[in-house]
Amino acid sequence: MRTSLRLGLMMLAALLGGSDLASAQTAKIKLGYAKCAHCLPMSLIPGMAKNVEVEATGFNSGNDVLTALISKSIDVAQVTYLHYITALDKGFDVVAVSGQINGGSECLSSTKLNLPPDDWTAFKAMVAKGKSDGQPLKVAASRGNAQDIHMRGAFLKQGVDPNKDIQFINIPNPSDHLAALQRGEVDMICSVEPFASQIRLAGAGKHFVLPYDQAAGNLTNLIVTRSDVIASQRAGVQGVVTAVVELDNKLVADKGPWIDVINKLTGLDKTVATEALNNASPDPAIHRSQTLAIAAMMRDLKYISKDVSAEAEKNMDYSFLEQATGKAKNDLGY
């Protein structure tokens, strides 16, 4: 009888332990990411995350991803440093927990401009002439995305005011950039990869600059969540951040899966995907000092209404990266 009782208790303990384990393994996180070359690897996170069930959804733009996070349709979002600053300016609850991949921006000119690559002098002359003739150059981007702020910052540094000296054209979906150039609707476009490479390889536009000569440098993607998600699903957020770090390490060593996922999710040729990765750098760090510089630049550009430097620094949580990498935050961009 004692043996039976002991065996029964052992089985009950095993069942309870198994239940706890199952509970830990079935933490659920809804993840959102944008459809661009350096964003699409996020679609691989569900297959890599441990002890958390990740449901990943692709959105047309980072603006859409941020909206989903704020409305609590998703729990964790891949957005950009720009979205992070914009959200804080609007008083939204966002917490940065990891970097992801940087780069991906390129300004391309219409072939009819015959603008030499990296020739700011020629570009500024065209801007001045267009403005004096009452026909300012039409420059497009997806407003609110990293490419938009990269372009605006680079222009401003060269003495071109993007709010006064050019006509800005907003094309929300980057996949529409190629057609806009082909139809002659814009003179220049600052696009995101892989669509920038698609434009170049199709002959619809020519490389002008990689617009990284401004406060943001080439910083692009950031993984953010909300404070309520951290409070209620900390283990799930940790699972996502750990998977991002592991994925970044793998992509540095082997770009094959990256090329495959771009091809699969955009339908673009692998030649385009391969070309796009020349302008992308996996980087899970959260770059604090550059983030504060971005916030200042965005205020100068009147992209935000107030100084959010204090909030930007306060809402960076390095603990997830520290656990995922075994490094101190001073080695992770702080």
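Keep in mind that the numbers below use all heavy atoms, side chains included, and drop hydrogens, waters and symmetry copies. Only a predicted model underlies this, so the values are computations on that prediction, with no experimental measurement involved.
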Salt bridge (Lys or Arg N to Asp or Glu O under 4.0 Å) pairs touching residues 66-83, sequence neighbours excluded, are none
With sequence neighbours excluded, tell me which residues meet side-chain contact (heavy atoms from CB on, under 4.5 Å) with Lys164.
-> Asp161
Salt bridge (Lys or Arg N to Asp or Glu O under 4.0 Å): which pairs involve residues 129-141, sequence neighbours left out?
-> Lys129-Asp133, Lys131-Asp165
Can you give the donor-acceptor pairs under 3.5 Å from side chains of residues 119-126 to other protein atoms, not counting sequence neighbours?
| unit_1 | atom_1 | unit_2 | atom_2 | d |
| --- | --- | --- | --- | --- |
| Asp119 | OD1 | Thr121 | N | 3.3 |
| Asp119 | OD1 | Ala122 | N | 2.9 |
| Lys124 | NZ | Gln158 | O | 3.4 |

Are a donor atom and an acceptor atom from the side chains of Thr80 and His83 found within less than 3.5 Å of each other?
-> yes
For Val252, the hydrophobic cluster (side chain heavy atoms closer than 4.5 Å, chained through members) also holds none
For Asp118, side chain to side chain donor-acceptor pair (under 3.5 Å) partners two or more places apart = none
Steps toward salt bridge (charged side-chain N to carboxylate O under 4.0 Å, His left out) verdict (Glu313, Arg288) | CA-CA 7 Å; Glu313 187 165 1; Arg288 180 179 62 90; 3.2 Å; yes
Salt bridge (Lys or Arg N to Asp or Glu O under 4.0 Å): pairs with one or both residues in residues 230-256, sequence neighbours excluded = Lys50-Glu246
All pairs passing salt bridge (Lys or Arg N to Asp or Glu O under 4.0 Å) where residues 210-222 contributes a residue, at least two apart = Lys157-Asp213
Could you give the side-chain donor-acceptor pairs of residues 275-287 under 3.5 Å, partners two or more places apart or in another chain?
| unit_1 | atom_1 | unit_2 | atom_2 | d |
| --- | --- | --- | --- | --- |
| Glu275 | OE2 | Arg200 | NH1 | 3.0 |
| Asn278 | ND2 | Glu275 | O | 3.4 |
| Asn279 | OD1 | Gly104 | N | 3.4 |
| Asn279 | OD1 | Tyr212 | OH | 2.7 |
| Asn279 | ND2 | Ser105 | O | 3.0 |
| Asn279 | ND2 | Tyr212 | OH | 3.4 |
| Asp283 | OD1 | Ala285 | N | 3.1 |
| Asp283 | OD2 | Asn102 | ND2 | 3.1 |
| Asp283 | OD2 | His287 | NE2 | 2.6 |

Side chain to side chain donor-acceptor pair (under 3.5 Å) partners of Ser305, counting only residues at least two apart = Asp89
Which residue pairs pass the side chain to side chain donor-acceptor pair (under 3.5 Å) test when at least one of the two sits in residues 169-179, sequence neighbours left out?
-> Ser142-His177, Asn173-Ser175, His177-Ser191
Those residues at least two apart in sequence (or on a different chain) that pass ring-ring contact (aromatic ring centres under 6.0 Å, His included) with Phe168 are none
Distance only, no hydrogens: is a donor on one side chain within 3.5 Å (strictly under) of an acceptor on the other, for Glu106 and His207?
-> yes
